[in-house]
Amino acid sequence: MRLEQIALLLVVLAALAYFGMIFFGIASSGAPLWPFFILAAIGIGLLGRVIYQRMTNEEDNYYEKNIEE
């Protein structure tokens, strides 16, 4: 596993932990949870799309493999 993938995994896990803390904070305050679920679904969808695009981008992979720094 490349260092880039490990760092990305750590960021995703930290984001999930952060969303979990927000969820329990909102739930314990008695506020309605439906706005949180809508925003969380949008955020998770965008994050998934960005990660998918980065991992499947052939141009970035070409430069990463063939161009020396």
Side-chain angles (χ1 to χ4, degrees):
M1 186 175 274
R2 296 183 310 194
L3 183 60
E4 175 184 308
Q5 291 174 334
I6 293 170
L8 183 60
L9 179 64
L10 291 175
V11 168
V12 169
L13 289 175
L16 288 174
Y18 183 71
F19 276 123
M21 291 188 315
I22 290 174
F23 172 76
F24 286 116
I26 292 172
S28 66
S29 72
L33 293 176
W34 63 270
F36 172 76
F37 286 130
I38 292 171
L39 291 174
I42 292 170
I44 290 170
L46 288 173
L47 180 65
R49 183 174 172 100
V50 167
I51 291 171
Y52 175 76
Q53 285 180 355
R54 172 55 199 104
M55 298 308 252
T56 59
N57 190 337
E58 292 299 323
E59 184 178 356
D60 285 345
N61 291 339
Y62 172 81
Y63 283 110
E64 187 175 303
K65 291 177 185 173
N66 298 319
I67 305 298
E68 293 181 336
E69 292 184 23

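Values below: all heavy atoms of this structure, side chains included; hydrogens, waters and symmetry mates excluded.
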Linking I/L/V/M/F/W/Y whenever any side-chain heavy atoms sit under 4.5 Å apart, do Tyr18 and Leu16 land together? no

So, for Phe19 and Phe36, which heavy atoms are closest and what is the spacing to 0.1 Å? O-CZ, 3.5 Å

Distance check, rounded to the nearest 0.5 Å: Ser29 atom OG versus Phe24 atom CZ? 13.0 Å

Scan the side chains in residues 37-53 for donor-acceptor partners under 3.5 Å anywhere in the protein, sequence neighbours excluded, and list what turns up.
none

Restricting to non-hydrogen atoms, name the atom on Pro35 and the atom on Pro32 that form the minimum distance, rounded to 0.1 Å. CD-O, 3.6 Å

Please list, chain by chain and in numerical order, all residues satisfying side chain to side chain contact (heavy atoms under 4.5 Å, CB included) with Leu13, sequence neighbours excluded. Leu9

